[in-house]
Q: 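Here it is, the structure in full.
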Amino acid sequence: MKILKYMLIFVPISFIAEFMHASPSIMFVLAALSIIPLAGLMGEGTEEISFYSGPKIGGFLNGTFGNATELIISFFALKEGLFEVVKSSIAGSVIGNVLLVLGASMLAGGLKFKVQTFNKKVVEVSSSMLLFAVIGLCIPALFTHTVDPSLLNTRYEGLSIFVAIIMFIIYILSLVFSFFTHKHIYTINTEEEGGTAKWSLKKAILVLVVATVLIAIESEFLVSGIESVTHSLGLSEFFVGIILIPIIGNAAEHSTAIVMAMKNKMDVALEIAIGSSLQIILFVTPVLIFLSLLFTPMSIEFNEFELIALIVAVLIANRVSNDGESNWLEGVQLLAVYAIIGASFFIL
């Protein structure tokens with residue numbers, strides 16, 4: 001965490017570089033190095049807020065503010081017409097959260113504690129919701145891959161908007177379910193939670209707001225350099241979208257979930273990883289679809305490999321977490337699948 005704080009020096013450096021009209025590739029690197037510590041600062045702020053609000057709301061806020069980074073980056077990519085980057089970053093965020101973040105959390109926590117337990121009922125609800133969300137995300141894409149292209153017409157855009165509306169409604173209902181009608185399922189014995197808040201509530205909220213504003217500025221720098229980086233390094237837009245942008249944008253979830261697991265708070269780590277994936281599909285994706293109507297309408301259409309990677313990620317995450325226990329080997333399994341998927345996209 002100290003390294004992330006030292007990396008904040010890249011924030012003013014990126015502003016100076018922009019003022020001096022540095023090349024887009026340099027701005028991409030500086031923006032990425034700036035967003036990572038800012039997202040980490042968000043994670044620290046939401047962890048502090050969790051001491052005042054409880055682990056459930058704390059995990060929800062961490063996922064929300066972590067995904068705010070992803071939403072901001074995707075918005076600027078959308079504005080530039082980089083639809084493949086936007087769609088692959090959506091898929092990459094889900095894959096990264098359920099494989100990389102959850103896998104790293106289980107590995108880090110499992111090396112310190114032989115077996116870690118978590119609320120099995122919560123995982124069952126979240127896993128079934130995640131499976132539904134991925135199915136909803138995949139159906140429009142499967143539709144385009146199985147129907148004769150000549151039969152597709154302008155009404156297909158209407159299908160994407162309809163699916164986006166359904167997903168957004170389900171997201172609102174899931175909040176009602178977890179925070180009101182069935183909140184007893186999510187009850188965690190807070191007496192066992194150790195530690196005290198280091199910041200005041202006002203300071204934590206101020207840090208979140210300032211970090212969000214700075215990330216919005218850095219995101220514009222980042223997106224402006226995507227095309228330059230893909231050409232100069234020979235990377236595909238798929239790899240940039242599905243691997244690089246999610247890792248940069250989800251640094252908050254990465255760091256906080258691992259820290260929570262090492263503190264034997266697997267409930268919070270799972271809430272961050274799975275809850276963040278749900279927010280990406282049920283909230284961020286519909287919002288991006290709606291925002292695209294202001295520019296060029298974007299459809300929910302993923303390529304075949306992205307669809308397979310999404311489904312595989314969700315299935316293996318369900319499999320390793322359905323017993324209410326985790327260990328380091330399950331974490332290694334998730335990380336191994338992520339490495340295979342990442343390597344496959346690298347050679348595209």
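Heavy-atom basis, side chains included; hydrogens, waters and symmetry copies ignored.
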Q: For Glu306 and Ser88, does a side-chain donor sit closer than 3.5 Å to a side-chain acceptor?
A: no
Q: Quick one: does Thr285's side chain have a donor or acceptor within less than 3.5 Å of a partner on Leu282's backbone?
A: no
Q: Roughly how far, to the nearest 0.5 Å, is CD1 of Ile289 from CZ of Phe162?
A: 14.0 Å
Q: So which of Val123, Leu130, Val122 actually passes side-chain contact (heavy atoms from CB on, under 4.5 Å) with Ser126?
A: Val122
Q: Side chains of Phe76 and Leu82: closer than 4.5 Å at any heavy-atom pair?
A: no
Q: Taking only residues at least two apart or on different chains, which pairs with a member in residues 199-211 satisfy side chain to side chain donor-acceptor pair (under 3.5 Å)?
A: none
Q: Does any N or O in the side chain of Thr230 come within less than 3.5 Å of the main-chain N or O of Glu227, such that one atom is a donor and the other an acceptor?
A: yes
Q: Is there a side-chain contact between Ile316 and Leu99, using heavy atoms and a 4.5 Å cut-off?
A: yes
Q: Is there a side-chain contact between Glu330 and Asp323 in this structure, where contact means two heavy atoms from C-beta onward sitting under 4.5 Å apart?
A: yes
Q: Does the side chain of Met167 reach to within under 4.5 Å of the side chain of Val163, using non-hydrogen atoms?
A: yes
Q: With a 6.0 Å cut-off on ring centres, are Phe239 and Phe345 close enough?
A: no
Q: How many angstroms lie between CE in Met129 and CD1 in Ile170, if you round to the nearest 0.5 Å?
A: 6.5 Å
Q: Under the 3.5 angstrom rule, does the side chain of Ser74 hit a backbone N or O of Leu71 as a donor-acceptor pair?
A: no
Q: Side chains of Gln116 and Asn327: donor-acceptor distance under 3.5 Å anywhere?
A: no
Q: Quick check against the 3.5 Å criterion: does Glu48 have a side-chain atom that pairs as donor or acceptor with the backbone of Lys198?
A: yes
Q: Would you find a donor on one side and an acceptor on the other, under 3.5 Å apart, between the side chain of Ser224 and the backbone of Phe221?
A: yes
